[in-house]
Amino acid sequence: MKQFLIIMAVVLTLGACSSKKKTEVDVEAAATAERHSTELTDALSHGNISKVTEMADSLSLFVDDLTPQQAVQVLLAFVNIHNDAVAAKNSRADLETLRKFVDVYDISLSVNGKEMREAIAEARRINPAFNLDSLAGDFRERLTQYDAVQDGTLVAAAPEPEKADSTDATEAADSIPLVLRPAE
């Protein structure tokens, strides 16, 4: 958790350094995202997972307006939420979190590809345990498997029962006296 907080502090510092020309609407959205990002950092530092969830969900709604560093912060928050859901054995919350993680990851890369890759590399450089690219692949695979199970395209391959040899059945029926045979 301590390493995670260090990453969050660096991500926020890097996010504050980025500058872009923005319209008034963009500035307002960026200010909202910045405020939520600060609240997210505070919730993470206090271990308040319900507040972390609330802030990460809120920030994910502004994913187009997030800086790459803020997007990485949201992704790392979703990793924390995922870990908490797994520990609590709450599969529904876990699946929702996996979907949100993958959505934020994909949208962030499509909006700010190069800068997002740099932010992901910076987070990994700070803490090699946070390989967001690998996590995105793992989460995407889990979701694909879950969806396949839910829609019936993936079923456990059960061995087919062996077919009875029809000649043996006919011979066995012929060996039973006619009086004892079942009615047809």
Side-chain angles (χ1 to χ4, degrees), residues 1-18 20 29-30 32-34 36-41 43-45 47-151 153-154:
M1 183 67 157
K2 186 176 183 180
Q3 292 175 340
F4 183 76
L5 295 175
I6 292 169
I7 289 174
M8 298 304 291
V10 171
V11 167
L12 284 176
T13 303
L14 292 173
C17 296
S18 67
K20 294 182 183 179
T32 301
E34 187 65 35
H36 287 232
S37 179
T38 303
E39 290 178 33
L40 177 60
T41 302
L44 283 166
S45 67
N48 185 348
I49 202 70
S50 63
K51 186 70 171 176
V52 169
T53 302
E54 178 186 336
M55 290 296 98
D57 287 348
S58 178
L59 282 166
S60 69
L61 298 175
F62 298 103
V63 70
D64 292 343
D65 298 318
L66 297 178
T67 66
Q69 292 77 18
Q70 289 170 330
V72 167
Q73 178 189 29
V74 171
L75 293 172
L76 293 173
F78 282 138
V79 170
N80 260 0
I81 297 164
H82 157 72
N83 290 340
D84 186 66
V86 168
K89 297 183 181 187
N90 186 344
S91 61
R92 181 176 164 264
D94 185 36
L95 287 170
E96 288 174 3
T97 302
L98 296 181
R99 287 191 197 287
K100 291 173 189 176
F101 179 97
V102 170
D103 288 346
V104 169
Y105 178 85
D106 289 344
I107 293 169
S108 297
L109 281 174
S110 70
V111 171
N112 294 321
K114 182 181 177 191
E115 295 87 5
M116 186 64 186
R117 287 273 172 224
E118 291 170 359
I120 290 171
E122 181 66 19
R124 187 158 187 216
R125 188 185 62 74
I126 294 169
N127 186 346
F130 289 112
N131 184 345
L132 296 175
D133 294 322
S134 176
L135 286 171
D138 291 345
F139 291 173
R140 192 174 280 111
E141 178 64 27
R142 286 186 199 173
L143 290 170
T144 301
Q145 290 174 357
Y146 175 78
D147 291 341
V149 167
Q150 292 304 307
D151 71 9
T153 58
L154 180 68

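If you read the sequence from its start, that first residue is 1, and numbering goes on from there.
- Taken from CD1 in I107 to CG in N112, the straight-line distance is 12.0 Å, to the nearest 0.5 Å.
- With values rounded to the nearest 0.5 angstrom, E96 atom CD is found 9.5 Å from D94 atom CG.
- No donor-acceptor pair under 3.5 Å is formed between the side chain of S58 and the backbone N or O of E54.
- Taking CG of L98 as the start and CZ of R142 as the end, the distance is 6.0 Å to the nearest 0.5 Å.
- A salt bridge links R125 to E122: one of the charged nitrogens lies within less than 4.0 Å of a carboxylate oxygen.
- Partners of D133 according to the side chain to side chain donor-acceptor pair (under 3.5 Å) rule, which considers only residues two or more places apart in sequence or in another chain, are Y105, R117.
- The OG atom of S108 sits 11.5 Å away from atom CD of E115, with the distance rounded to the nearest 0.5 Å.
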message: One pair to check against side-chain contact (heavy atoms from CB on, under 4.5 Å): Q70 and F62. What are the steps and the verdict?
response: CA-CA 10 Å; Q70 289 170 330; F62 298 103; over 6 Å; no
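- Atom CG in L132 sits 12.5 Å away from atom CZ in F78 (nearest 0.5 Å).
- By the 4.5 Å heavy-atom criterion applied to side chains, V72 and M116 are counted as neighbours.
- Ion pairing of D106 with R140 is present here, as a side-chain N (NZ or NE/NH1/NH2) and a carboxylate O approach within less than 4.0 Å.
- For the pair V52/I81, a side-chain contact is recorded, criterion being any heavy-atom separation below 4.5 Å from C-beta on.
- Under a 3.5 Å cut-off, the side chain of N131 and the backbone N or O of S134 do form a donor-acceptor pair.
- Salt-bridge annotation for D147 and R99: present, with a side-chain N of the basic residue lying under 4.0 Å from a carboxylate O of the acidic one.
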- prompt: Could you go step by step and tell me if R124 and I120 meet the side-chain contact (heavy atoms from CB on, under 4.5 Å) rule?
  reply: CA-CA 6 Å; R124 187 158 187 216; I120 290 171; 5.5 Å; no
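- A donor-acceptor pair shorter than 3.5 Å cannot be found between the side chains of Q73 and Q69.
- Looking at heavy atoms from C-beta onward, S60 lies out of side-chain contact with F101 at the 4.5 angstrom threshold.
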